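One structure below.
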Amino acid sequence: MAHVCIHWFRKGLRLHDNPALMSALRGCKEIYPLFILDPCIHNKESMGVNPWRFLMGSLQDLDGSLRKLNLRLFVVRGKPQDILPQLFQKWGVSRMTYEYDTEPYSRSRDLKVSELAKEHGVEVVYKISHTLHDVDRIIEENNGKAPLTYGRFQTVLKTLGPPKRPIPSPTVEDIKDVKAPCVESHEEQQYGLPSLEELGHDLSCLQEAQFPGGEEEALRRLEESMERTGWVCSFEKPQTAPNSLSPSTTVLSPYLTFGCLSARTFWWRLADVYQGKKHSAPPVSLHGQLLWREFFYTASVGVPNFDRMLDNPVCTQIDWDTNPEYLSAWKEARTGFPFIDAIMTQLRREGWIHHLARHAVACFLTRGDLWISWEEGKKVFEGLLLDGDWALNAGNWLWLSASAFFHQYFRVYSPIAFGKKTDKHGEYIKKYLPVLKKFPVEYIYEPWKAPLSVQKAAGCIVGKDYPSPIVEHEVISKQNIQRMKTSYGKRSQGVSESPQPMKAEKRKGPSVLDMLKNKKKK
DNA sequence: CGATTCGTTGTCGAC
DNA sequence: CGTCGACAACGAATC
């Protein structure tokens, strides 16, 4: 019996290594490749114009690739739970396929949608292809808990073996028995991709996309990086510069986030390059970077309330300040620290900043200087980054704020010294903050220290043309270390008024374990 | 259980 | 230019 099938694209915006799409095509007489613009995730509040443009580019590329196979992409706007039942009926659908998504929102959405599918007699098939492994298996192998250190994570992974080999894209041969649904001309419009203008975006402030979305660009970019075999083999993340004028890393992360590039394709392509050569190893290598992604995906599945401080069992509870002025200054690149402001400018303009640049601004916002909750920073990153992956974003903010995973809170990034290591002349600062262009090198990281005569000569008066620093880093960072110490102290002592202080706190960890154990029993 | 080791990628100053 | 210890001292995992 041949199926009428919807393949529902969400992430996984690609044809290569797409097992769910392949199972859609098997025994299929008609296929509707579908993308739903869901107001719960695709809205202007939580998603900035740069990631929007990346998504649209990716969908356009996907549509183009499908058309080469005599298929097309159907784009619909609305809530999946409203849209899908309508389409099931309208198109006479008997099967729906999609790529498994571990995010909490996606999981509850997919649960609802699967029930609706059942009611409509639609068979649901999903496959794991966004991550290297089935992260639930990793948790199982670690006795029901997500590993909290990278070393432990690697040990667990060894028992699972290497990730699966990627599968190729569907070919004309694969769809020879599949009919492309006949679409009337008005429907061509109805299911077409809306423009960014139509969706109400202001494109006037956008410059040309440095990282255009789409599978084709993803694979081109992958090959471009992999051609540099020496560079690939000697890659060590900590040795790459956060403030080079062009990216010092691959910038494949946005393509992984949207699934334009399969992590397994990347993994095995790297294995090809490594083959027979001496090469760097995790955690610093490129393989290591993919494992970090896997690490945070696993943690985000194994830890309840992963993206929050409250009720997050691995997150240290910290008395962050509510400080809208400081938060805006950070967000809008007017902290008065050129290194920080340059990074935030690049983030807003280009939608991508180097991982270590993220360290610097995240530490500055949270435990280092401004003492603002990492959840605020996470929200800002989510809206601006092309690679604002839910699990990675939350995980890295937990890390940098020393709320979880990383605990050596006395190691504080200096907003002045850190950037100097890799850009002592401040070229990066001058690129993104041209107002400081004429400042002499010795003051470029600390313009407020320049004598007034020097400021005048540079055509930039600090406090007027460029902000004065909002905090005194040397003083505030030392105070903040003490505040961290207090928060950590409370954590290990437990709640003093509790009759069993130690036990009350100790329950924190096992509660995750218990939850997962209970789940398994069901 | 207690002790020990290790932990993706800090900074500063001495040598 | 690189390496090392002090700084002040954390939790997770292991034995």
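Since the structure is predicted, the reported quantities are computational estimates derived from the model, not experimental observations. Sequence lines set the chain letters: A, B, ... in the order given, protein chains first and strands last, and positions in each chain run from 1. Just the heavy atoms: all of them, side chains too, but no hydrogens, waters or symmetry mates, feed the values below.
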side-chain contact (heavy atoms from CB on, under 4.5 Å) partner of A:Leu270, the single match among A:Leu290, A:Leu222, A:Thr265: A:Leu290

Considering only side-chain heavy atoms of A:Phe418, which listed nucleotide, B:dG10, B:dT8, C:dG11, is closest? B:dG10

Residue A:His407, side-chain heavy atoms: nucleotide from C:dG11, B:dT8, C:dT14 that is nearest: C:dG11

Please report, rounded to the nearest Å, how far the P atom of B:dT5 is from the CG atom of A:Leu148. 22 Å

Minimum-distance nucleotide (side-chain atoms of A:Tyr409 versus B:dT11, C:dC10, B:dT8): C:dC10

Spacing of A:Asp389 atom CG and A:Lys11 atom NZ [to the nearest 0.5 Å]: 5.5 Å

Taking the side chain of A:Trp292 as its heavy atoms from C-beta onward, which of B:dT8, C:dA9, C:dA13 lies nearest to it? B:dT8

Report the nucleotide, chosen from B:dT11, B:dT8, C:dA9, that has the shortest atom-to-atom distance to any side-chain atom of A:His355. B:dT8

Given atom OH of A:Tyr488 and atom C1' of C:dA12, what is their separation to the nearest angstrom? 12 Å

Establish, with yes or no, whether the OP1 or OP2 oxygen of C:dA9 is under 4.0 angstrom from a side-chain nitrogen or oxygen of A:Lys485. yes

What is the separation between atom OH on A:Tyr413 and atom P on C:dC7, rounded to the nearest whole Å? 22 Å

Expressed as a whole number of angstroms, how long is the span from A:Gln154:CD to C:dA13:P? 14 Å

So, under a plain 3.5 Å distance rule, would you say the side chain of A:His473 forms a donor-acceptor pair with the base of B:dT11? no

Would you indicate what A:Lys421 reaches in the nucleic acid, counting non-hydrogen atoms under 4.0 angstrom: base, sugar-phosphate, or nothing? sugar-phosphate

When both hydrogen-bonding distances must be under 3.5 Å and the geometry is Watson-Crick or G-U wobble, what is B:dG2 paired with, if anything? C:dC15

Would you please indicate yes or no on a ring centroid separation below 6.0 angstrom for A:Tyr255 and A:Phe266? no

To the nearest Å, how far apart are A:Asp369 CG and B:dG10 C1'? 13 Å

Walk me through whether A:Leu356 and A:Thr422 qualify under side chain to side chain contact (heavy atoms under 4.5 Å, CB included). CA-CA 11 Å; A:Leu356 292 178; A:Thr422 43; over 6 Å; no

C1' atoms of C:dA6 and B:dT8, separation to the nearest Å: 23 Å

Whole-Å distance, A:Leu290 CG to B:dT8 P, equals 17 Å

Counterpart base for C:dA8, defined by Watson-Crick or G-U wobble contacts under 3.5 Å: none

Quantified in whole Å, what is the P atom distance between nucleotide C:dA9 and nucleotide B:dG7? 22 Å

So, OP1 or OP2 of C:dC10: does either fall under 4.0 Å of a side-chain N or O from A:Arg411? no

Please name the residue in the list A:Leu347, A:Asp387, A:Leu384 that meets the side-chain contact (heavy atoms from CB on, under 4.5 Å) test with A:Ile353. A:Leu347

Among A:Tyr413, A:Phe364, A:Phe339, which one satisfies ring pair (Phe, Tyr, Trp, His ring centres under 6.0 Å) with A:His359? A:Tyr413

Out of C:dC10, C:dA9, B:dT8, which nucleotide sits closest to the side chain of A:Gln482? C:dA9

Take atom P in C:dG5 and the same atom in B:dT5, then report the distance between them in whole Å. 16 Å

Measuring from the side chain of A:Gln289 (C-beta onward, heavy atoms only), which nucleotide among B:dT8, B:dG10, C:dA12 has the closest atom? B:dT8

Nearest-Å distance for atom pair CG/P, residues A:Leu398 and C:dG11: 16 Å

Whole angstroms only, please: what is the CG-C1' distance between A:Asn480 and B:dG10? 15 Å

Can you give me the closest heavy-atom contact between A:Tyr445 and A:Ile416, atom names plus distance? CD2-O, 3.4 Å

Have a look at A:Phe405 and say if it touches a base, only the backbone sugar-phosphate, or nothing, with a 4.0 Å heavy-atom cut-off. nothing

Which nucleotide, if any, forms a Watson-Crick or G-U wobble pair with B:dT8, using both distances under 3.5 Å? none

Aromatic ring of A:Phe410 stacked on base six-ring of C:dC10, 5.5 Å, 30°: no

